[in-house]
Chemist: 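Structure incoming, see below.
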Number of protein chains: 2
Amino acid sequence: MSTASAVSTSSTARTTGPGLATASVRDLPPATVGRLPVYLRALQVLADQGVVTTSSRALAAIAGVGSAQLRKDLSYLGSHGTKGVGYDVAHLCRQVTVVLGLTSRRRVVIIGVGHLGHALANYTGFVGPDFAVVGLVDADPAVVGTTVAGLRVDPAERLEDVVAGTGATIAVIATPPEVAQEVCDRAVAAGVSGVLCFAPRALRVPDDVDLRTVDLGSELQILAFHDRRKQGVRELGAPEPGVQQRGVEAQGMTRRGVLAP
Amino acid sequence: MSTASAVSTSSTARTTGPGLATASVRDLPPATVGRLPVYLRALQVLADQGVVTTSSRALAAIAGVGSAQLRKDLSYLGSHGTKGVGYDVAHLCRQVTVVLGLTSRRRVVIIGVGHLGHALANYTGFVGPDFAVVGLVDADPAVVGTTVAGLRVDPAERLEDVVAGTGATIAVIATPPEVAQEVCDRAVAAGVSGVLCFAPRALRVPDDVDLRTVDLGSELQILAFHDRRKQGVRELGAPEPGVQQRGVEAQGMTRRGVLAP
DNA sequence: TAGATTGTTAATCGATTAACAATC
DNA sequence: TAGATTGTTAATCGATTAACAATC
């Protein structure tokens, strides 16, 4: 139960010394950072079930990754397991939470309150307990002034005021692609440090701003690519044997049969 | 303007011979496949502007990648450029369209018509002209029977009928995580070949089914990770000089100043 | 002690980047 | 011809995986 070994956020550490390495957290491989939320959710599932201790194998199965990858990822956070025993669920949960910076609530402004922005504002799976939507802005006069998810929608001109006034550090862009770069620039100038963009447009941000893009249309197109391949194969009537196991250790790999004819 | 050199979808090709290589399209690196939609959009932007010919440098700038990467990616599709000249926009556009399998409209079923599913059904940036939402199902009796995006919402029990009846090949899962695996299994058994999952849960699918997961909550958490790092730095008052150019060649890299104090 | 499981090493794999010969 | 730009090679980089010594 000791929080003593928690990685200190604002410690002096720069050494990659022997003990706990805050420095290493700064150098976490991007691929590892991307999986930490998945691990956190898997840990929360176990915690909810009252599980106290788990193994890399069991946790990895829930997270949908290989156990070697899980151990490697966690090793970047320091040594939080016990050889021969496994990981303490509550302890590891705390570690990952701290590393992800989920100790204080981040404030989020959503720019563009169309169908998608509207849904994001209301979607608890999106914001969860770690984030608070503190502002909504839109350019459409018909939308401005309405209440969405308990918040009054502000006009697009007030974007800077909303960001600065709320102290939001994250901007979610759900505008049409034509204006995405402009509102992004303005949000950054007003002080956000991270941008999550849903507009299908490549954005440019300064190097000290973090940008992530979720491109829903692209996701479908990528599925179409594979769909076409399979249909091509079906047309040719080829056998297609290659059964490549994904990096997941079979645990309860039951059910799934082959496609019905 | 000749469509003669277009890669034939259902050709016999299996050779990696000298000419056009349909075979190679089957072996496209996943990272390349993931960027093709971005290139396609960049090409459409140019086409809309009436641009006839472009260079890897100009196209890459629009797409937000490096020109070397663009050329390498395109080289997997075969040789479609002209040395010393560049690429024919219309021709390349067609090539990428064909490779992505966007020659026929894919049918999509959305499972779960909450805020997110509702937004996806209505979001044209999501479906675009290449996809058609042909079915909606939900477990909530209050939602079943309502009309969303011009479609009647069917009850969850009818999932199999809807998939089979419409011939949908792609399922979009926008349900709560608890039921995501179940509806996924059922959609796959009913015949879909690709699944796009928005539920924050690791799903298991057979090897011949393509799964992509969009985890909106994780995206925010990843931003929080970087946000925390920066705030830690700000607290320490460190200078943080490292200006790492992203793999984008400066072209019109204007505007963006530094954060206001 | 014997069995289990971590943390880490080393090997492998895939993706990115820079450079340049080929060639329009 | 001189200049421009592709397609490709080779080098680099990062991520994944398997294996195992350390150790509970």
Side-chain angles (χ1 to χ4, degrees), chain A residues 5 16 18-21 24 27-36 38-39 43 46 51-61 63-89 91-92 95 244-251, chain B residues 5 16 18-21 24 27-36 38-39 43 46 51-61 63-89 91-92 95 244-251:
Chain A
S5 57
T16 320
L20 295 173
S24 76
D27 299 326
L28 232 43
T32 296
V33 175
R35 283 185 294 265
L36 289 183
V38 177
Y39 300 155
L43 285 163
L46 289 174
V51 175
V52 174
T53 301
T54 190
S55 67
S56 62
R57 192 166 191 282
L59 187 57
V65 301
S67 66
Q69 181 159 84
L70 178 94
R71 287 198 302 278
K72 184 140 237 311
D73 283 336
L74 292 182
S75 74
Y76 291 115
L77 313 188
S79 185
H80 295 294
T82 307
K83 292 180 181 183
V85 178
Y87 301 91
D88 180 87
V89 172
H91 172 76
L92 191 54
Q95 294 309 315
Q244 67 206 110
Q245 262 283 39
R246 283 170 74 253
V248 177
E249 274 134 275
Q251 169 158 284
Chain B
S5 58
T16 319
L20 296 174
S24 75
D27 298 327
L28 234 41
T32 296
V33 175
R35 283 186 294 266
L36 289 184
V38 177
Y39 300 155
L43 286 164
L46 288 175
V51 176
V52 174
T53 301
T54 189
S55 68
S56 62
R57 192 165 189 281
L59 187 57
V65 301
S67 65
Q69 181 159 86
L70 177 93
R71 285 198 303 278
K72 184 141 236 314
D73 283 336
L74 292 183
S75 75
Y76 291 116
L77 313 188
S79 184
H80 295 295
T82 307
K83 292 182 181 182
V85 178
Y87 300 92
D88 180 87
V89 172
H91 172 75
L92 191 54
Q95 294 308 313
Q244 66 205 111
Q245 262 282 41
R246 283 170 73 253
V248 178
E249 274 133 274
Q251 169 158 283

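Values below: every heavy atom of this structure, side chains too, minus hydrogens, waters and symmetry copies. Convention: sequence-line order gives letters A, B, ...; per-chain numbering from 1.
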Chemist: Compare every heavy atom of B:V38 with every heavy atom of B:A63, then report the nearest pair and how far apart it is.
Modeler: O-CG1, 3.4 Å
Chemist: Over how many whole Å does the gap from A:L28 atom CG to D:dT16 atom P extend?
Modeler: 12 Å
Chemist: Using OP1 and OP2 only, check whether a side-chain N or O of A:S56 sits under 4.0 Å from C:dT5.
Modeler: no
Chemist: Go through it in stages, so that I can follow the logic: the residues are A:R57 and A:S67, the test is side-chain hydrogen bond (donor to acceptor under 3.5 Å, both in side chains), and I'd like the CA-CA distance, side-chain angles, deciding distance and then a yes or no.
Modeler: CA-CA 5 Å; A:R57 192 166 191 282; A:S67 66; over 6 Å; no
Chemist: On DNA chain D, check which nucleotide each of A:R35 and A:G84 is closest to and give me the residue with the more 5' one.
Modeler: A:R35
Chemist: To the nearest angstrom, how far is A:L77 atom CG from C:dG7 atom C1'?
Modeler: 12 Å
Chemist: Just how far, in rounded Å, is P of D:dC13 from CG of A:D27?
Modeler: 16 Å
Chemist: CG of B:L74 versus P of D:dT5: gap in Å, rounded?
Modeler: 16 Å
Chemist: Under a 4.5 Å cut-off applied to non-hydrogen side-chain atoms, are B:V89 and B:V52 in contact?
Modeler: no
Chemist: So among A:L92, A:T82, A:L46, A:T53, which one has a side chain to side chain contact (heavy atoms under 4.5 Å, CB included) with A:Y87?
Modeler: A:L92
Chemist: Taking the side chain as every heavy atom from C-beta outward, state whether B:L36 and B:L28 have any atom pair closer than 4.5 Å.
Modeler: yes
Chemist: Does C:dG7 have OP1 or OP2 sitting under 4.0 Å from an N or O in the side chain of A:Y87?
Modeler: yes
Chemist: Does a side-chain N or O from A:R71 land closer than 4.0 Å to OP1 or OP2 of D:dC20, or not?
Modeler: no
Chemist: When you measure from the side-chain N and O atoms of A:T82 to the phosphate of C:dT6, is any distance below 4.0 Å, counting only OP1 and OP2?
Modeler: no
Chemist: In whole angstrom, give the distance that lies between atom OH of A:Y76 and atom P of C:dT9.
Modeler: 11 Å
Chemist: Any strand is fair game: report the nucleotide pairing with C:dA21 by Watson-Crick or G-U wobble, both distances under 3.5 Å, or none.
Modeler: D:dT6
Chemist: Can you tell me how far C1' of D:dG7 sits from CG of B:L59, to the nearest Å?
Modeler: 15 Å
Chemist: Just the rounded figure in Å: distance from P of D:dT17 to CZ of A:R57.
Modeler: 15 Å
Chemist: Which nucleotide wins on minimum distance to the side chain of B:K83, given the candidates D:dT6, D:dA15, C:dT16?
Modeler: D:dT6
Chemist: For C:dA11, which nucleotide is its Watson-Crick or G-U wobble mate, given both distances must be under 3.5 Å?
Modeler: D:dT16
Chemist: Measure from the side-chain heavy atoms of A:Q69 and tell me the nearest of D:dT16, C:dG7, C:dT16.
Modeler: D:dT16
Chemist: Nearest to the B:K72 side chain among D:dT8, D:dT16, C:dA15, which nucleotide is it?
Modeler: D:dT8
Chemist: Find the distance B:D73:CG to C:dT16:P and express it as a whole number of Å.
Modeler: 7 Å
